[in-house]
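All remarks here apply to the structure that follows.
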Amino acid sequence: MIQKILSKSRLRSTACLLLLTLFLSIGLLPVGPAQSAQARETDYFAPLYDGLSRDQLALVEPDLTRFYILQEQLLAMNAIQNQAELLKALMRYNQEYSAVQAEVSLAHFAYYNDPAAYEDLYTKWQQLAAEAGQAYEETWRTMLSSDNREMFEGLLSQERVADMLDTQELSAETTEQLQKINNMDNEYWRAMEAEYTVTVDGQTYNFDTVGNLPPSQYLEAYLQLVRKRNQAVAAVLAESVPVCNAFARSQGFANYADYAYTAVYGRDYTPADAARLHTVVKQRLVPLYQQIQRFQQSNPAFDQQTLNSQYDFKQQQVVLETAAAYMPQISDEYADVLTYLRVKDLLDIDQSDNKLKVAFTTYIPYFNLALIFNGSHTGTVSDFNNFIHEFGHFSFYMYQQENIGFDINEFYAQGMEMLFLNFADEMFEQSGDTYRLDALAKLLGGIVEGCLFDEFQQKVYQLEEPTVHDLNVLFHDLSLQYGYVYAHDDDEAYNWITTPHTFIQPFYYISYTTSALSAAELLIRSYDDFEQAADDYLKMVANHRKYTYRAFFREAGFADIFNPDELNKVADGLEAYIYQEICNVADLPALENHWARKELLNAAGLGLIQGNADGSLQANAAATRAEVFSLLWRRFANKNIEVPAAGFADVAPGVWYEQTANWAAAAELVTGLEGNRFAANQPMTREELATVLYRLSNTQPDVATADLSQYADGAAISDWATEAMAWACHIGLIAGDENNLLQPQRPATRAEMVTIISKYIDKL
């Protein structure tokens, strides 16, 4: 969700509160057709308000004439103390002020659809809205200081009254600072969308064409482009930092970080609290995120191409129909709001080259509706997930008709995404686990990046006048702590500027971390009991009183993610979901204290080993020859090359290890035992395993080897395995036990098989 800071955030909520108080009435929308038999009936919300369709929303030319006429009338009624007429005048004035805010939202929506066409209109509406906000606040101070104060106090809480009276009129300097802050997004998008070119061998290339260069020239040309863009875009932030800090100090805060956390987002946690969260996330969740990225990249079972080929999610109709097929299983009430969205056409998610590459939902209290926008199409399931995310925002707005804390709001969006993982197998069949892993990679990526960008921004606003170089070096150094890897040797990072939140809504991104961690807990609950988790979610949407993040989730019985112990429990549950639900490891609890737990789970996630019929990894069972060669086949065989049948006497056509046996023979890893047997079910000894890896490595006879006489049973090694065992000991694949024994003839366990082969892979 993206919202602009037009003035003090309380102005919009004050207007909305008064409009509802001052007898604004709206009809009710009849619900759509009856849901299917599988619909889950719930009763958490009042019927939907009947409102306008998107084609009925009028974007008008910027003008405050009517606003000031109504303000003049209101002040005149206040002066003559005609309370009946004063109340009517107040209603008209508040409606007009809310209408001004609505026009800003409509201009914002239009601008993101086509910035070239609507930039001037949007900028003008922003300026006028800031002007109207100051006038609106001054008008309220005047009325609350008049003889009619008692009547006005009946419309507002005591806290709101005190807040309004304490507010001082902004100075001309502060007003100019605020306008510069509000204009940062325009400056950002102008710099991002500008044309950047580089010349190679007399030819000009831009971001769209640089990929046509050969690999030997591509990287340097691409780096030149990103450096040029970075210089222009990062300068927008560098120039804004002193302005933002000066504005924050004028409001009584140490810097813009403290101001944003308190005045913009109203959080019940501080930048210092978030800094402690950064530390735990780096220690615990960054490694988990890196792990599932490896699974995505290296396990052929998680085939992104097959997953993404099942639906054309770039088409709005496909997205909506897919969502409609499963939404009733969450709630018939949520199915109704999806029908409302479609009937009223309150979205724009079709692909267009003119759109800015972001997705958001904007709430417009004046019209009692919200609008969904998506311009960040990828042609993957992310397009669908983006819609489900924004629909979580949309549904809350439509049922509760109010703004709410950013962290809670993002939970409604990310929680909806997590509930939809329950339908993964129905939606994508054999690609269901790929979809789950894809969604969790996005969730963990949001947690990690939320912390990274928050830590980056906190440090940025501790600088007084940073240069572009300062910003690039700072992000580069921080990002390494969060697992980033760079293809260049510079000490600067350049592409951090592609994340618009840093410019459009500084310090918003930490809300993705907090909300995603709570959404992860919802996912964990849904794994145990989906309907109960869905009810938990709906109750939290219905419980829409004004809450701050920590208070809200404490009351809902969720973990306090700022408590390291509780956060670690969430991480434990998330890890368990990944390995049990996605990697199908049924005996995860049994591996809790196993010496090879990390290696076993990594191999399961990479698809190198599989559990038995009930999903057990059988870590301590003896590894058979078929299991060892199958692991090596999955990791090293070129599946596109057909190998001849090896002709083993005991390998029947169609048996599960037939391809493995043929490949092992073709690769000269095995020649067959007595009687030309593959002996698939025979346990493989430790010296046999070392020999197979020695052959696989193509190591030359003069390779450095260990002195086997140092081991108590070194002389017991078979003559044919001596060279291989000496090699394996030398490079650290095999070591002696606590009694200095190699135990060469003992069958290797599946845990040893995985660990030894994992070490071998790491040596490559």
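Along the sequence shown, the residues carry numbers beginning at 1. None of these values were measured; they are calculated from a predicted model.
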Inset, instruction - Give a yes or no on whether the ring-centroid distance for Tyr118 and Tyr112 is below 6.0 angstrom. - result: no
Inset, instruction - To the nearest 0.5 angstrom, please state how far the OG atom of Ser331 sits from the CG atom of Asp535. - result: 8.5 Å
Legend entry - Pair Phe507 + Tyr265: ring centers closer than 6.0 Å: no
Legend entry - Check: Tyr311 ring centroid to Phe384 ring centroid under 6.0 Å: no
Legend entry - Atom NZ of Lys442 with >12 non-hydrogen neighbours under 6.0 angstrom: yes
Inset, instruction - Give a yes or no on whether Asn495 atom CG has more than 12 heavy-atom contacts from other residues, nucleotides or ligands under 6.0 Å away. - result: yes
Inset, instruction - Taking only Lys NZ, Arg NE, NH1 and NH2, and the carboxylate oxygens of Asp or Glu, determine whether Asp425 and Arg436 approach each other closer than 4.0 Å. - result: yes
Legend entry - Sequence neighbours excluded - salt bridge (charged side-chain N to carboxylate O under 4.0 Å, His left out) pairs with any residue from residues 353-375: Asp348-Lys355
Inset, instruction - Verify whether the ring centers belonging to Tyr412 and Phe391 lie closer than 6.0 Å. - result: no
Legend entry - Check: Val100 and Tyr366 side chains under 4.5 Å, non-hydrogen atoms: no
Legend entry - Option from Leu288, Val281, Leu517 for which side-chain contact (heavy atoms from CB on, under 4.5 Å) with Leu444 holds: Leu288
Legend entry - Ring centre gap for Phe360 and His393 strictly below 6.0 Å: no
Legend entry - Salt bridge Asp268-Arg550, side-chain N to carboxylate O under 4.0 Å: no
Legend entry - pair Leu371-Leu347: side-chain heavy atoms closer than 4.5 Å: no
Inset, instruction - Verify the ring-centre separation between Tyr256 and Tyr259: is it less than 6.0 angstrom? - result: yes
Legend entry - Between Tyr397 and Phe394, ring centroids under 6.0 Å: no
Legend entry - Side-chain donor-acceptor contact under 3.5 Å, Asp407 with Thr514: yes
Legend entry - Nearest atoms (heavy-atom pairs only) where Thr513 meets Cys451: OG1-N, 3.2 Å
Legend entry - Heavy-atom pair with the smallest gap, counting every atom of Leu346 and Ser53: CD2-C, 4.2 Å
Inset, instruction - Can you sort out the partners of Thr380 under side chain to side chain contact (heavy atoms under 4.5 Å, CB included), two or more places apart, ordered by chain and number? - result: Asn308, Thr378, Ser382
Inset, instruction - Determine yes or no for a side-chain-to-main-chain donor-acceptor pair under 3.5 angstrom, with Thr322 supplying the side chain and Val318 the backbone. - result: yes
Inset, instruction - Taking the six-membered ring for Trp and the single ring otherwise, decide whether the centroids of Tyr512 and Tyr509 are under 6.0 Å apart. - result: yes
Inset, instruction - Is it possible for you to check whether Arg525 lies under 6.0 Å from the centre of the six-membered ring of Phe530, through NZ or CZ, and within 45° of that ring's axis? - result: no
Legend entry - Salt-bridge present (Lys124, Asp63; N to O < 4.0 Å): no
Legend entry - Sub-6.0 Å ring centroid separation between Phe67 and Tyr93: yes
Inset, instruction - Would you check if the side chain of Glu566 reaches a backbone N or O of Asp560 as a donor-acceptor pair within less than 3.5 Å? - result: yes
Legend entry - Under-4.0 Å salt bridge between Lys344 and Asp50: yes
